[in-house]
Amino acid sequence: MSDRPSVSVVIPVYNETDNLPELLDRTVAACRALGRPWELVLVDDGSRDGSADWLVQAADRHPGEVKAVLLYRNAGQHNAILCGFASAQGDILVTLDADLQNPPEEIGKLVAKVDEGFDVVGSVRQDRQDALFRKVFSGIINLMVRRSTGVILHDYGCMLRAYRRRVVDAMLGCRERHTFIPVLANLFAKKVTEVPVAHAERARGTSKYSVLKLVNLQFDLLTCMTAAPLRVVTYVGVCISALSVGFGALLLVLRLVYGPEWAAAGVFTLFAVLFFFVGAQFVALGLIGEYVGRIHADVRERPRYLIDRVVGETLGERRAAPASHRAAHHAGA
Ligand code: UDP
Ligand code: MG
C-alpha cells in the first residue's frame, strides 16, 4: 500500500442486476490498478429486482474492499450518491453510473487530475451514446449552467466525476433535499477541470429516467443553481404590463379612427392576446411553485434517505477512526 490519498468509488444502483457482475469485475480491476488504498461503495437505491442481495454478496466476497449500503426505499440517484458519500472514507471520491455507460477504466484518469491539485474533475462524454433528444436537451442545460455559475464545464450530465474530500464534506453539509451534485460542487470547488472520457450505450436494461423524472431532475438542477428565473419572471411581467398599456392606447386610437364596428371585429384578436398572457402567467406560477415546493421540502427537513443496512467494512473502518465531523454527517444526513 502506498501513502497516496485513498480513493472511494461510489456507485448508485437501481434495478441493475444484469449489469452488476461486469460492473463489479471491471471496477475492482480499475481500482486495483490505482496502486493506492481504495474502497468501492455500492448504494442500492431501493431496487426491486434483487440488486440489493447481489450487492450484499459482493461485499461478502470482497472483504475490506466493497461495501454495500442498502436504502430502504428509492431516494433518487443524487440522494443515493450523497448517502454513498456519507459512508465513504476516501480522500478522493469518484462517482459513476452502474449501467456501464461510464467505463470504470477511466477512474485512474480522473484520480490523476485530482492528484494534480484539482478539487473537482468532471468529464466530457466523447461520442455520447444516447438518444438525440437527450443530447440536445443536455446541450441547452450545459449552456445554462455555464452562464449561470460561470464554471466552464461542458458536460454536467456525465456522472463520471471525481471530488476532493473537502468539497464532498461541504456538499454533505448542505440541507437541501432536491439537488444536482455536479452543480452543487461548483459552489465549493476552487480548481475545476474536465477530461474527455469514453461513453458506451447502456449495457443492459433500460434508463431509470422517464421523461417526467428527467424533467423533474432538470428543475432540481435549476433551483439548486440559481433563483434568476424568478427575476426573469418579474422582468417579463413588467415588460408585458408596459406593452399592454401601449396596446390599449393603440386600440383606443384605432377605435376613434375606424369607429365602433372595427372594435367589435377585433374581439378575437384580443382573446388571442389574452390567452397568451394567461398561459404565460401559469408558466410563471408553475416556476414559482417549483421553488416554493423545494423550500417546503427543505423546511420539513425530512431525511433524504433511509438506510436499511450496511454490509462490509472498507478502508475507512480499518484506518484510524474517521474525523468526528464525518460521523456527524451520518447522523444528520
Ligand atoms: N439510479 C438510481 N436511482 C434512481 C434512478 C437511477 O440510483 O432513482 C442510478 C442507476 O442505477 C444508474 C444511474 O443512477 O446507476 C443513472 O441512471 P440511468 O442510467 O438510468 O440514467 P441515464 O443514463 O438514462 O441518464
Ligand atoms: Mg445510463
Side-chain angles (χ1 to χ4, degrees), residues 10-16 18-19 43-49 51 71 73-84 95-102 122-149 151 153-161 171 176-186 194 197 199-229 232 282-294 296-298 304-305:
V10 175
I11 308 184
V13 174
Y14 183 50
N15 296 340
E16 303 277 7
D18 295 341
N19 292 316
V43 184
D44 176 66
D45 190 13
S47 301
R48 294 159 188 269
D49 71 340
S51 292
L71 297 188
R73 288 191 51 174
N74 180 255
Q77 180 186 359
H78 290 254
N79 282 334
I81 293 174
L82 286 175
C83 170
T95 57
L96 65 143
D97 288 348
D99 58 356
L100 294 165
Q101 289 201 276
N102 309 134
S123 60
V124 189
R125 291 168 279 193
Q126 306 295 300
D127 191 19
R128 182 173 167 192
Q129 301 294 316
D130 272 322
L132 183 66
F133 91 93
R134 296 217 30 186
K135 289 193 242 184
V136 173
F137 203 46
S138 288
I140 299 168
I141 299 284
N142 283 319
L143 188 73
M144 220 172 68
V145 179
R146 283 201 295 275
R147 281 276 166 86
S148 180
T149 66
V151 182
L153 293 184
H154 293 87
D155 194 354
Y156 279 93
C158 183
M159 293 304 285
L160 178 52
R161 305 179 122 248
M171 288 198 277
E176 61 224 61
R177 264 62 201 149
H178 299 268
T179 196
F180 195 89
I181 294 169
V183 172
L184 189 63
N186 279 354
E194 61 190 1
V197 293
H199 192 244
E201 263 186 69
R202 189 171 234 287
R204 296 162 203 94
T206 52
S207 173
K208 305 302 175 249
Y209 281 99
S210 61
V211 173
L212 205 62
K213 226 174 146 186
L214 206 59
V215 170
N216 283 343
L217 187 70
Q218 305 316 314
F219 275 117
D220 286 347
L221 182 152
L222 183 74
T223 55
C224 130
M225 177 172 72
T226 176
V232 171
F282 272 99
V283 171
L285 274 177
L287 191 58
I288 293 167
E290 293 290 338
Y291 283 92
V292 173
R294 281 162 178 77
H296 187 214
D298 292 346
R304 285 188 181 123
Y305 47 79

Where [X] and [Y] come nearest, the two heavy atoms and their spacing:
X: Tyr291; Y: Thr226; result: OH-O, 2.6 Å
X: Ser207; Y: Arg134; result: OG-NH1, 3.7 Å
X: Leu214; Y: Tyr209; result: CD1-CB, 3.9 Å
X: Tyr156; Y: Val151; result: OH-O, 2.8 Å
X: Glu176; Y: Cys224; result: OE2-CB, 3.9 Å
X: Asn15; Y: Arg48; result: OD1-N, 2.7 Å

Quick one, [X] and [Y] - any side-chain contact, counting heavy atoms below 4.5 Å?
X: Asp97; Y: Gln77; result: yes
X: Val215; Y: Gln218; result: no
X: Asp49; Y: Asp18; result: no

Any side-chain to backbone donor/acceptor pair from Thr223 onto Phe219? Under 3.5 Å, distance only.
yes
Strictly distance-based, threshold 3.5 Å: is any side-chain N or O of Asn74 a donor or acceptor partner for the main-chain N or O of Gly46?
no
Could you give me the CA-CA distance, side-chain angles and deciding distance for Leu217 and His78, then say whether side-chain contact (heavy atoms from CB on, under 4.5 Å) is met?
CA-CA 9 Å; Leu217 187 70; His78 290 254; 3.7 Å; yes
Result for salt bridge (charged side-chain N to carboxylate O under 4.0 Å, His left out) between Asp220 and one of Lys213, Arg294, Arg177 points to Arg294
Apply the test side-chain contact (heavy atoms from CB on, under 4.5 Å) to residues Gln101 and Arg125: give CA-CA distance (whole Å), side-chain angles for both, the deciding distance (0.1 Å), then the verdict.
CA-CA 10 Å; Gln101 289 201 276; Arg125 291 168 279 193; over 6 Å; no
Within this structure, what is the [atom1]-[atom2] distance for the pair [X] and [Y], rounded to the nearest 0.5 Å?
X: Arg202; Y: Lys208; atom1: CZ; atom2: NZ; result: 4.0 Å
X: Met159; Y: Asn102; atom1: CE; atom2: CG; result: 9.0 Å
X: Asp45; Y: Tyr14; atom1: CG; atom2: OH; result: 7.0 Å
X: Lys135; Y: Asp130; atom1: NZ; atom2: CG; result: 7.5 Å
X: Asp155; Y: Gln126; atom1: CG; atom2: CD; result: 9.0 Å
X: Ser138; Y: His154; atom1: OG; atom2: NE2; result: 13.5 Å

Begin with the C-alpha distance, continue with both residues' side-chain angles, and end with the deciding distance and a verdict on side-chain contact (heavy atoms from CB on, under 4.5 Å) for Leu82 and Ile181.
CA-CA 8 Å; Leu82 286 175; Ile181 294 169; 4.0 Å; yes
Between the side chains of Arg304 and Thr179, is a donor N or O closer than 3.5 angstrom to an acceptor N or O?
no
